[in-house]
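Here's the structure, in structure tokens; my notes come after.
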Amino acid sequence: MESSNIHEKTHPGPRQYITIAVILVIMTAVEVGVFFLTITPAAMTGIILFLAMGKFALVVGYYMQLRYDDRRFLYIFAAGFVVAIAIMIALMALFDNLTR
Amino acid sequence: MAAYTELLKRPVSPTGVWSWLTTVDHKRIGLLYGVTALTMFFIGGIEAVIMRLQLASSDQTLVSPEVYNQLFTMHGTTMIFMVIMPMGAAFFNYLIPLMIGARDVAFPRLNAFSFWMFLFGTLLMHASFLTMSAPAMGWFAYTPLTSLEFSPTSGVDYWVLGLQVLGIASMAAAFNFVVTIINLRAPGMTLMRMPVFAWMTLIISFLLIFAFPVITIALTLLQFDRWVGTNFYNTAAGADPLLWQHLFWVFGHPEVYILILPAMGIVSDVLPTFTRKPLFGYPAVVFAGVTIAFMGFGVWSHHMFTTGMGAWANGVFSFATMLIALPTGIKVFNWLGTLWGGAIQFNTPLLFSIGFITMFTLGGLSGVMHAIVPVDTQQQDTYFIVAHFHYVLFGGSLFGLMAGIYYWFPKMTGRMLNEGLGKLNFWLMLIGFNMTFFPMHIVGVLGMPRRIYTYGADQGWDNMNMFMTIGSFVIVVSFLVFMVNVIRSLRSGEPAGDNPWGAATLEWSISSPPPHYNFIEIPTITSRYPLWEKDHSVGAAQAHGHDDDSHAVHMPDPSYWPLVLSAGITMLAGGLLIWKWHQILGFTIISVFGLLALYATYRWAFEPVNEPNHEEPHQ
Amino acid sequence: MAHVQPIEEQTSTGLNNRKLLMWAFLGSDCMFFGALISTFLVYRGRSGSSILELQESHDAIKDAIGISTGGLSIILILLGIVAFAFTLIAVRRGVVKQIIPAVLVLFAIVVIFQSIWIAGHQPEFTARECTEMGGLVLPGGESCELVIAENLLDIPLTSLSTFVLLMSSLSMVMALSALERNNLPGFRTWLTATSILGVVFLGFQVFEFNAFLQEGLTPRENLFGSTFYVLTGFHGAHVTLGVLWLSSLVVASFKGKVTQKTVLDVEIAGLYWHFVDIVWIVIFSVIYLIGAYGIG
């Protein structure tokens, strides 16, 4: 959150944890709200995916402290994550899910 | 009560069989892997020879079609999962800590666990022979052939559960070696100073941890289909029969590199020793390996060109497949560059390495042919495919592994293998291999389909098949020579000394066989080839230095729990098999062994690496 | 005897072995879930209609969301009793902050009771209800043809369970933070809260599975059933394992085995727990929200 933390490489404290929890809850609420809005499926998909990525990043970055931790942990985790996402997209394309 | 506590007491310094059952020493585990893999190699080999006899001439009835199906399924499964993979595991278990200057792996008990899982998985899968219902659907088990409707016997069940257990074994080992290679390197042993074999082990460990989950899930879905009656592969309920194929090959193609990269690593370490010059283009070899691993996840559908994926998908995967030939080609040229201008000594390990390079290149070339979709469409499911993958797996992986055996046998046992017998072994194997598998290209193009159990005399394939069968017996003879060589050396082989080949890497700086603590003093590394340095300080410090200090090295204590946990997990799988036959009995077994596994996990988790009150015996 | 560090503590990168192992495992676990989610998405929209036996099936989902007054009152009474007990404990220890976990615990109890109560309240599934649900009573009058598919997903209920899991992640970092400051009672309370929230999440899942089963959706019924149960069940198995792990840490802390010195044990367990949470973030967004009405 505060820029000073990034330079000091310290763990976030309880206050930040709670702040992030509040943000996470609000983002979830927005997701559910968007779900109940009558907008086009494509727009809904886009917004929800964006919010989900944001929540994912918040938990990984702050709760799992990857933002403050050694880069190598990030690389090793990202390797699995990126391959998994790539294969998911490839499989959906192969089964015509993206265009159907 | 006293007896009870005695029974559960940690085996701090066991002897005899107990010392092997509770061992956490990476060298012993490596040897256990190696011996098990060689045993399985003979079983898989016998299966192959029976198939070759059946196919020797047309219209034979040596075995029934059903038995023939079981033979080729188990031959493929055995050779891939229970021979080549664990042989690679044998080498990296034994050698990695020695190569990177560590006293053991990062998680010694996890290492023991992975071996026992492998052994029990092997036993579980082979238990299917006892019920006369070995799996009979081919090693990649395409659905819906494997659904209950088309494979009602328990063969598929054994195969699925056996593979799950083997998968746990491989992943446990892979996690262990990722951490070991990243974290346990000696001072100065930067990543780019590691022997290439260590690099290749790191790469295949990553491949394993990212590829095996996919097959685990594919198998789990199949398990649910067969045990619970779900619809994952049930086409009647709208399922797509291609889902299994995709999931299987998402795993299956990285698996191909898991099988070949250890051999590439071995060859890259053998060549410098016998040419007396550093590996040509070390960084290129390493990055080619990394590139192969990364691209290995993006080419899987080239196994499925004939399934009607459409022009786009075929085109993309065809292109990616041709692209992956580039880093492979880079490696071949690096090996040739290493040989060029070297002071070559034609010892057996080098002969096998050259055999590897040539045979693998042939297999690689037919692989590039398969990347061309129209060509592949003609070759799909013919003996041409069989020829291709035997050239990469036998001519490639196995030749490389044989080079490794001849190269490191002196380190592991302290005795040399006989050079004369070794050369005889190599030439017989090379000739037998090409007699057996080269004609398969030709009969394949002539239209002989793979997996048929016989063929008509009018096809005109008789002579070539007889030739191939004779070739397979030449291979058998070559392995008998190998066995004679090994047994002779174990009994009365010439003592090897610390560094019989004048090699440059760290494992040769210590005695043969190495002491259980590996290094008296962890060496400091200053180059890629530490033993070829002028001052030779690494070797001197290790050689016969301070024996008094050896007791200060505190090694991890043996433990029962890896064995107990792996037995528990395997019996869970056994319980699932029994469940199908007798629900209550199956449920009882599952609960009892589930609790046992849980108990073992807790005991393991709270067991310190060293017993705090355990003093070394000599102190 | 010269003291030599145990093999675990010497590393060339300075990274801890076990933490590195956990991150590698999490990377690998992405592939497990990736394969499962792919299967779900690939099979989306392929579930046809199914035939239900009228006698065997029940309809509970409609009653599930609205809580009737009778059940609510029981829950409120229980809630009052437990809240009182927890407030007493918190005051006695003089730690007001610990009222927060107490409220979380209460929440857990409410949900569990609600689940049990609803599970015991299943009306008969009749021919009339079959038609009300848009089904077709087949000739003979003994079975109902029904389209069972994605529209079963109950978004409000799952939003609540998503909230529970998010809160468990919060209490997990609070537990870690408490242990880092050597506040052992705080650590225990927060970690217990995390475990209980995990159990509550599982309660939601049991409830959801139960409601779907009542609706006639079994894993065998259609592709949606197969993929849904196996995917969410696999996640539930992860949660169960996490609950076992975290509660073992609570127990171990009473034996003095978890202290400020071994904070890494808790951190690693926490990594696992947060991972289970982020997987749920993906499942909730992709399977529940987008899965119900998104692209396709």
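In the text below, chain A, chain B and the rest are named by the order of the sequence lines, each starting its count at 1.
- Of the atoms belonging to C:Thr13, heavy atoms from both backbone and side chain fall under 4.5 Å from chain A.
- Within the 3.5 Å criterion, the main-chain N or O of C:Val173 finds no donor-acceptor partner in the side chain of C:Ser177.
- The structure places CG of C:Leu26 at 10.5 Å from CD1 of C:Ile268, a figure rounded to the nearest 0.5 Å.
- Contacts with chain A were tallied for C:Leu15, C:Ile37, C:Leu166; C:Leu15 has the most, counting heavy-atom pairs under 4.5 Å.
- Both the backbone and the side chain of C:Ser169 come within contact range of chain A, each with at least one heavy atom under 4.5 Å from a heavy atom of that chain.
- Aromatic rings of C:Phe234 and C:Phe33 (six-membered ring for Trp) have centroids within the 6.0 Å cut-off, being under it.
- Residues forming a ring pair (Phe, Tyr, Trp, His ring centres under 6.0 Å) with C:Phe275 (at least two apart in sequence, or on another chain): none.
- Screening residues 22-35 of chain A for side chain to side chain donor-acceptor pair (under 3.5 Å), with sequence neighbours left out, gives A:Thr28-A:Lys55, A:Glu31-A:Lys55, A:Glu31-C:Ser285.
- Contacts of C:Leu20 with chain A are made by both backbone and side-chain atoms, with heavy-atom separations under 4.5 Å.
- Heavy-atom distances place the side chain of C:Val286, and not its backbone, under 4.5 Å from chain A.
- For A:Ala79, no part sits under 4.5 Å from any heavy atom of chain C, backbone or side chain.
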